[in-house]
Structures are given as C-alpha cells and as structure tokens.
Number of protein chains: 2
Amino acid sequence: MKDERLSEAPLRILKDMANLTNVYLEQVAAFGEIDRFPHARTITVGYYALVNPFQFELCSFKSEALEARWFDLQDKPLLPYDHNEIVEASLDKLKLKLRYEPIGFELLPDKFSLRQLQDIYEAILGVELDNRNFRKKILKMDVLKKLNEKQDGVNHRKAILYQFDAEKYRTSSEQTAFFTL
Amino acid sequence: MKDERLSEAPLRILKDMANLTNVYLEQVAAFGEIDRFPHARTITVGYYALVNPFQFELCSFKSEALEARWFDLQDKPLLPYDHNEIVEASLDKLKLKLRYEPIGFELLPDKFSLRQLQDIYEAILGVELDNRNFRKKILKMDVLKKLNEKQDGVNHRKAILYQFDAEKYRTSSEQTAFFTL
DNA sequence: GCAAAAGTGTTAAGTTTACACCCATGT
DNA sequence: ACATGGGTGTAAACTTAACACTTTTGC
C-alpha cells in the first residue's frame with residue numbers, strides 16, 4: 001500500500017490473516033530475480049516474524065480463501081516460485097541472529113522454563129545441545145529473571161519459570177560476543 | 001531496468017561510474033520508509049561492494065555529472081536523505097560478515113602481506129588488534145597460501161606475501177566459528 | 001514404586017588475551 | 001648507524017566440551 005512503511009505490510013498481513021499483533025519482525029532480504037514470478041516482474045521483500053504458536057489461534061482468524069497453518073521445520077511443504085529460497089534465507093538469518101542476540105524468548109510465553117528455551121534453540125539450530133552446558137551459558141548471559149513460580153499441569157517434576165529481563169539485557173551486555181579477534 | 005536482476009543494477013552502476021567489474025557484492029536491505037524521498041514514494045535496495053581502491057581509477061571513468069570519490073570511513077561526508085542510514089547498515093553487516101567469513105581479501109590485491117590484511121580488519125571493525133594474536137588467528141583459519149615472494153619498493157624489511165586460497169577455504173572450514181553453544 | 005522430566009559439577013582441552021624484543025631493509 | 005615496519009613465543013585467564021546421577025512430581 002502506498003501510504004505504508006515497508007515493514008508495516010507484513011504486520012498488516014499477520015493481523016489480517018491471523019489476528020497477530022506485537023510480533024518480533026525482521027527483514028530478510030529483497031528477492032529480485034527476473035523470472036521469479038511468471039506473471040509479471042515482481043520484487044519481494046521478505047520478512048520473518050517470531051510467534052509463539054500456542055498463544056494464537058491461527059486458522060480461526062484467517063480472512064477469505066487464504067489458508068495459514070503451522071508446520072514443523074522438519075516437514076515443511078514445498079512452496080511455489082522461489083518461496084522455499086525465501087524460507088531458507090530467513091532461517092539462515094535467524095540462526096545467525098540467535099547466536100548473538102537473545103531472541104529465543106520471542107517464541108515462548110512470557111514465563112518459560114529453561115528446557116523450553118533449549119528446545120527453541122535446538123529447533124532453530126537443528127542440533128542437540130547438552131543441557132548442563134546450555135543452562136550455564138544462558139544463565140551467564142544474565143538476561144533472565146528467575147521467578148518464584150513453577151510449571152503447572154505436568155505429571156513430573158515442575159520446572160522453575162524464568163522471564164526475559166530486557167533491563168538486564170540493555171545494561172549488562174556488550175552484545176556481539178563471538179569471534180573476538 | 002526491467003530486464004535486469006536486482007543484483008545486476010549495482011553492478012551496472014559500478015561499471016558505468018567507475019569501470020569496476022568483478023566486485024564482491026552483498027545485499028544489505030530494502031529501505032522503505034514512506035517519506036525517505038520527498039519527490040515520490042521510493043523503495044531502495046541497498047548493496048555494498050568491496051573494492052581495492054588502489055586497483056582502480058575511480059574518477060577518470062565517471063559518466064557525466066555524477067561524481068564518485070573515495071572517502072576514509074573516519075571522515076565520510078554526510079549524505080542526503082536516508083543514505084547515511086544505508087551506509088551504517090552496510091558497515092554493520094560487513095562487520096558481522098567479517099567475523100565468520102574470510103572477506104578481507106576482497107579489499108586487497110591478489111597478493112598481500114599480513115599487515116595489509118590486519119589493516120583491513122582494523123579499519124572495518126574500528127579497533128586496534130594485537131599483531132601477534134591476529135596473525136595466529138588468521139593463519140589458524142588455514143585459508144591463506146604463503147608465497148615465496150616478498151613485498152617490493154619499501155624502505156624497510158619486506159613482508160612475505162600471501163594469497164587467499166579458495167580451495168583450502170572450501171575444504172577445510174566448518175565456517176561459522178563463533179558462539180558455539 | 002515407577003515413569004518422566006528437572007536439575008546439578010568437575011575436569012580436560014582449547015581459545016583468548018596480554019605482553020616486548022629482535023630482524024631485515026633502505027637511506 | 002638509524003629509522004621503519006616485519007616478524008616472533010609464552011603464560012595466565014577464560015571458555016568450551018564431555019560426561020551421569022539425583023531430585024521432584026503425578027499416577
């Protein structure tokens with residue numbers, strides 16, 4: 001739309017399709033191969049959003065004929081045109097980002113267990129992580145607030161819940177903590 | 001141009017303005033604020049290129065009224081519209097990239113000394129590096145071929161020259177060597 | 001009491017940092 | 001012989017990787 005900032009378009013679409021608001025949004029890239037669409041010369045600017053799938057009822061809000069659904073990264077379907085490439089580029093960018101910014105929280109409810117967070121990291125990076133090492137590392141980042149609350153409704157030991165502490169993050173970190181030449 | 005891939009446009013412009021070909025090119029992002037240009041709604045896709053400034057005669061090739069010049073990062077001029085933001089985004093992206101891919105070579109002649117390479121890293125990252133540590137690190141990456149050649153035409157000890165070894169790079173590296181969770 | 005997941009420490013290997021002098025060359 | 005920049009090693013601090021058992025809870 002003509003009177004819309006570039007980044008407002010994906011937000012509008014998410015709102016219309018799935019009633020999603022307040023999502024974390026990141027631009028991936030512009031895709032501009034000549035024949036990426038058969039119909040007309042089209043340039044697409046791709047964005048990814050991070051959404052906790054359990055906080056939203058996707059399909060019930062969808063507008064008209066378009067269908068929105070959740071997929072596991074493992075068995076995501078093949079998409080038309082160059083959309084697989086766009087998804088791959090998004091995932092690559094997300095993997096990179098995950099390594100230098102605490103971003104996993106965006107995919108979880110406000111309060112979450114360390115195991116849930118580890119699951120997010122493992123799903124995005126596509127690897128298994130040692131839970132002791134993961135916990136040490138995440139806690140050393142000092143961006144989590146440990147709550148006096150526990151998980152509920154599970155039939156095993158209840159995990160302690162944590163919250164992302166934006167204040168700690170701002171003050172503490174020097175960010176960009178890798179490949180320190 | 002309508003029959004041009006997105007990434008061909010910057011290449012064409014570099015060719016026309018400065019007779020540059022075969023440059024390393026990387027897309028930065030699409031910039032789409034509503035009022036970024038006063039004249040009309042405009043969306044710009046930014047690219048950065050890495051060019052060895054000593055291998056090219058910029059100004060002598062410039063087409064018509066546009067002027068192309070080299071600037072030091074330190075004293076780069078203020079640009080109109082949101083172009084400063086684009087330059088900053090490019091530099092940020094380059095800094096990041098420099099940390100996980102051997103890219104400094106693109107700014108140097110085919111054969112270069114380790115000191116020249118270190119200068120590139122220092123200029124891009126905006127920090128001073130310890131030369132012993134830098135050398136150890138770069139050599140451990142195992143992407144450089146040590147030549148039996150030395151610098152020429154300097155009035156002090158001649159540096160040994162190195163070449164980037166694309167073959168080594170492909171085979172050796174697992175890339176992405178940071179923040180190893 | 002058993003199944004299921006949460007939580008917890010230590011050690012060895014590897015990486016990063018800090019640091020200062022001698023070497024080769026041209027004038 | 002001196003000025004200029006090239007080239008080199010080591011030790012301490014820190015980070016990462018590998019590893020297995022006990023605790024809590026619901027049924």
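Please read all numbers here as calculations on a predicted model, not as lab measurements. Letters A, B, ... are given to chains in the order of the sequence lines, protein chains preceding strands, and every chain is numbered from 1.
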Atom pair CD/CD1 of B/E4 and A/I34 - distance to nearest 0.5 Å: 8.0 Å
If only side-chain N and O atoms of B/K137 are considered, is one of them under 4.0 Å from the OP1 or OP2 phosphate oxygen of C/dT16? yes
Any ion pair linking A/E122 and A/R115 (charged N to carboxylate O, less than 4.0 Å)? yes
Interatomic distance where CZ belongs to A/R157 and P belongs to C/dA6 [whole Å]: 9 Å
Atom CD of B/E149 to atom P of C/dA24: distance rounded to whole Å? 20 Å
Could you tell me whether A/E8 and A/R12 make a salt bridge, using a distance below 4.0 angstrom between a side-chain N and a carboxylate O? no
Between the side-chain atoms of B/N155 and the base atoms of D/dA3, is any donor-acceptor pair under 3.5 Å? no
Let me know the distance between CG of B/L129 and P of C/dC19, rounded to the nearest Å. 15 Å
Can you tell me how far P of D/dA18 sits from CZ of A/F134, to the nearest Å? 17 Å
Expressed in angstrom and rounded to an integer, what is the separation of A/N133 atom CG from D/dA20 atom P? 13 Å
Calculate the interatomic distance between B/R115 atom CZ and C/dA24 atom P; express it in whole Å. 19 Å
Please verify the inter-ring angle class for B/F37 with B/H39; under 30° counts as parallel, over 60° as perpendicular, anything in between as tilted. parallel
Given atom CG of B/L114 and atom P of D/dG5, what is their separation to the nearest angstrom? 17 Å
Return yes if the base of C/dG7 and the side-chain atoms of A/R132 contain a donor-acceptor N/O pair under 3.5 Å, otherwise no. no
Between A/I138 (CD1) and D/dT15 (C1'), how many Å, whole number? 15 Å
With no angle test and no hydrogens, is the base of D/dT23 tied to the side chain of A/K150 by a donor-acceptor pair under 3.5 Å? no
Here's a test of your reading of the structure: between A/K158 and B/I160, which maps to the more 5' nucleotide of DNA chain D? B/I160
Closest of D/dT16, D/dA20, D/dT25 to the A/N131 side chain is D/dA20
Where does the angle between the aromatic ring planes of A/Y169 and A/F164 fall among parallel (under 30°), tilted (30 to 60°) and perpendicular (over 60°)? tilted
Does B/K136 get its side chain close enough to the base of D/dT10, under 3.5 Å, for a donor-acceptor pair? yes
Quick check on DNA chain C: between A/H156 and A/D130, whose nearest nucleotide comes earlier from the 5' end? A/H156
Are any of B/R135's side-chain N or O atoms less than 4.0 Å away from OP1 or OP2 of D/dG7? yes
